[in-house]
2 protein chains.
Amino acid sequence: MLINELSKKTGISTHTIRFYEKSGLIEGKQDVSVKSNNYFHYDEVTIEKLEFISDAKSVGFTIKEIGQIIDAWYNRKYTKKQKNEILDEKLISLEQKMKEIKEMKKQLLQFKEDVMKDRC
Amino acid sequence: MLINELSKKTGISTHTIRFYEKSGLIEGKQDVSVKSNNYFHYDEVTIEKLEFISDAKSVGFTIKEIGQIIDAWYNRKYTKKQKNEILDEKLISLEQKMKEIKEMKKQLLQFKEDVMKDRC
DNA sequence: AACAACATTAGAGTATGCTCTATAGTTGAT
DNA sequence: ATCAACTATAGAGCATACTCTAATGTTGTT
């Protein structure tokens, strides 16, 4: 599929898709047999990747981190061991985020109590 | 205390402290009885606020959101009811973040399994 | 052939959250 | 009095992650 279809299927603008492509997160293929244009073609895996990018952004991963994860997932440039290391590292950072959110939740509940008891 | 002491006590640079002050997150007081300078003085509450700001940034709250929370906590400009609404809203967004992180964790564990079983 | 709707690239512009520089004045120890 | 170490303000610069504009070319329908 071409970029417009990809955009419609994922809800991500063509501008942003091109930005992600420049950033190395996704990769379209040009059809060498077609000489009249240099349109990029995208496959189903790209849709999966873009959906993953959206989710990964929500949890606070940077483009660079997302790139690492996608490479650990869909790339041949790492060994099995390296892929596992990258993924474990990201899992640890998720645990950390989780912990921080729990702490913040406690803090906000404390604020609520302070408000209720006119302590601030 | 003056800004330098505040900076040392919180580990936040004077530049960043001034940035937070401009952004309305904290507020120093000038001593009107001293006419030779216009130095700002900060109290213990400002330390608490700065510590809160650091924690709140880690969980992904924006400066604007942090401002709202600090106002709900330490400001007279909202009613009890409004304060509670703001805090509840932020608690809900924390729940959302938590959910997203759990999903992402599942996803990364799936990637690990895919790697292990040579499915990618 | 005309024309809307698509495609490409390069690069400018925007928002957020700092981070640093420049300039100028103040304080406190020697 | 001097001087290091502080203070303030204004504004420039930077990194991240888009977002948009401009210029130019292609495709497919009428």
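Chain A is the first sequence line, chain B the second, and so forth, proteins listed ahead of strands; every chain is numbered from 1.
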Could you tell me the separation between the NE2 atom of His41(A) and the C1' atom of dC6(C), rounded to a whole number of Å? 13 Å

Between Ile66(A) and Tyr78(A), is there a shared hydrophobic cluster once you connect ILVMFWY residues whose side-chain heavy atoms come closer than 4.5 Å? no

Quick check on the hydrophobic clustering: are Ile17(A) and Tyr39(A) connected, directly or via other members, by side-chain heavy-atom contacts under 4.5 Å? no

Could you check how far CD1 of Ile12(A) sits from C1' of dT19(D), rounded to whole Å? 14 Å

Out of dA7(C), dC18(C), dT19(D), minimum distance to the side chain of Phe19(A) belongs to dT19(D)

Closest-nucleotide ordering on DNA chain D, the 5'-leading residue of Asn38(A) and Thr16(A): Thr16(A)

Can you measure Gln30(B) atom CD to dT9(D) atom C1' for me and round it to whole angstrom units? 12 Å

Given side chains that start at C-beta, do those of Gln96(B) and Ile92(B) come closer than 4.5 Å, heavy atoms only? no

Whole-Å distance, Glu21(B) CD to dT7(D) P, equals 13 Å

Please tell me if Ser36(B) has a side-chain N or O lying less than 4.0 Å from either OP1 or OP2 of dT27(C). yes

Can the ring centroids of Phe52(A) and Tyr74(A) be said to lie less than 6.0 angstrom from one another? no

Short N-O contact, Glu95(B) and Lys99(B), less than 4.0 angstrom: no

Rounded to the nearest Å, what distance is computed from the CE atom of residue Met1(A) to the C1' atom of nucleotide dT27(D)? 19 Å

Please list residues of residues 53-69 of chain A whose heavy atoms come under 4.0 Å from any atom in DNA chain C, ordered by number; otherwise none. none

Tyr20(A) side chain N/O closer than 4.0 Å to the phosphate oxygens (OP1, OP2) of dC18(D)? yes

Is there, by distance only and without an angle test, a donor paired with an acceptor across the side chain of Tyr39(A) and the base of dG25(D) below 3.5 Å? yes

With a cut-off of less than 4.0 Å, is there a side-chain N or O of Ser13(A) near OP1 or OP2 of dT19(D)? no

Closer than 4.0 Å, any side-chain N/O of Asn37(A) to the OP1 or OP2 of dA7(C)? no

Pairwise 5' ranking along DNA chain D for Leu2(B) and Lys22(B), keeping only the more 5' one: Leu2(B)

Given the structure, check if the side chain of His15(A) and the base of dC18(D) hold any donor-acceptor pair shorter than 3.5 Å. no

If you find the nucleotide of DNA chain C closest to Lys35(B) and the one closest to Glu5(A), which residue's nucleotide is nearer the 5' end? Glu5(A)

Considering only NZ, NE, NH1 and NH2 on the basic side and carboxylate oxygens on the acidic side, decide whether Glu103(A) and Lys106(A) come within less than 4.0 Å. yes

Within this structure, what is the CD1-to-C1' distance between Ile17(B) and dC20(C), rounded to whole angstrom? 16 Å

Testing Glu21(A), Glu27(A), Lys49(A) one by one against Tyr42(A) for a side chain to side chain donor-acceptor pair (under 3.5 Å), which residue passes? Glu21(A)

